[in-house]
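Structure, as structure tokens:
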Amino acid sequence: IDKINQKVKEGKTFFSFEFFPPRTEEGVENLFERLERMVTYAPVFCDITWGAGGSTADVTLDIAARMQNQICVETMMHLTCTNMQIEKLESALKEVKKMGVRNILALRGDPPKGQDKFEAVEGGFSCALDLVKKEHGDYFGICVAGYPEAHPDGIVDDPEQMQKNYWADIAYLKEKVEAGGDLIITQLFYDVERFLQFVKDCRSVGINCPILPGIMPIMTYGGFKRMTGFCKTKVPAELDAALEAIKDNDEAVKNFGIDLGVKMCRQLLDAGTPGVHLYTLNLERSALAILERLGMVDPAKIPRPLPWRHVPAGTSR
Ligand code: FAD
């Protein structure tokens, strides 16, 4: 089976890892060293992001090919429409198909810098999904993005309007699924109940495909603030207070992030979520520590000791 939605329907609890394309060649090689270690844990798939506006197109394509054919892990490549002429999108899709990658996360993308609203390029598409289906029928497994707290554009102070925007997003998500999306990965969140409600709401309108929670372990205070600010993520008050109290201690923040990740994943899995999708930020420590503590990976199976086990206490990676 090559399509991820079929793999995740097999019934076993699973996990998967997201990576982004590093900026330098050295960074890419470091990423592959990590990937080699991380795939020994048997993620059900790994995905690689597409830089805003196609800025990383070549690197992303190259990494996707190596992940699929050299690392031999089922690979999903993200693809966005922002600033992408149809021909460019078409050739990217032809190329990934040639490389044997069968899974795409089809996205619209954010508006280019300095622009408030998304606008399709002339003759372009408003979601990569349109193109994937048009040109390649059923060849690709197509994942789409979901927003448990609504898309950031729809997050407003007025509760009534907020509800309207939330349900409009769900209606649009349904359209994406009806147009061929067969898997949903969500935006990061820290309120597990919100995710579970989102799944219920999706099911109530007839969205029946698997919905994977996107989990971003907190690794640094600054990174957490940046991401939650950018995505307008709701941060529960207890979490905010606990983090504020340790924000100057990097190691404590990392450990807090691992504890929280374990707690969130456990709650999700106990509630019947079929698996967890971890935003690794290209680092292995937090993601693997969470999985180990959940009992989802067997450290005895790892061919070499995990590197951080040798890191003296008090230093951070
Ligand atoms: P869409 O689902 O197309 O829509 C976004 C919003 O617009 C929703 O509110 C929707 O309701 C509304 N909308 C759009 N079209 C219509 C329509 N025709 N009718 C009604 N409403 C409509 N960005 C990157 O640049 N690279 C990446 O690799 C990347 N990976 C991501 C992975 C995940 C799991 C997620 C959740 C996001 C990712 N993003 C990435 C960010 C994403 O590009 C932005 O959030 C972007 O603003 C929306 O893209 P989308 O495909 O989710 O949008």
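Values in this document were obtained by computation on a predicted structure and should not be read as measured data. Both backbone and side-chain heavy atoms feed into the values below; hydrogens, waters and symmetry mates do not. Counting starts at 1 for both ligands and their atoms, in listed order.
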Taking the inter-plane angle between the rings of F195 and F198 on a 0 to 90° scale, is it parallel (under 30°), tilted (30 to 60°) or perpendicular (over 60°)? tilted
Parallel, tilted or perpendicular: rings of Y147 and H151 (30°, 60°): perpendicular
Where the side chain of T280 meets the backbone of E18, is there a donor-acceptor pair that is under 3.5 Å apart? yes
Are any side-chain N or O atoms of T233 and backbone N or O atoms of F189, one a donor and one an acceptor, separated by less than 3.5 Å?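 No, because the side chain of T233 does not come within donor-acceptor range (under 3.5 Å) of the backbone of F189.
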Under a strict 4.0 Å criterion on non-hydrogen atoms, which protein residues are in contact with ligand 1? T49, W50, A52, H78, T80, L105, L107, R108, G109, D110, A145, Y147, H151, D169, Y172, K176, I185, Q187, Y279
Answer yes or no for R194 and Y166: cation-pi contact, defined as NZ/CZ to six-membered ring centre under 6.0 Å and angle to ring axis within 45°.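 So R194 does make the cation-pi contact.
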Let me have the donor-acceptor pairs involving side chains of residues 222-230, under 3.5 Å, with sequence neighbours excluded, atom names and distances please.
{"from": "T228", "atom 1": "OG1", "to": "F224", "atom 2": "O", "distance (Å)": "2.7"}
{"from": "T228", "atom 1": "OG1", "to": "K225", "atom 2": "O", "distance (Å)": "3.4"}

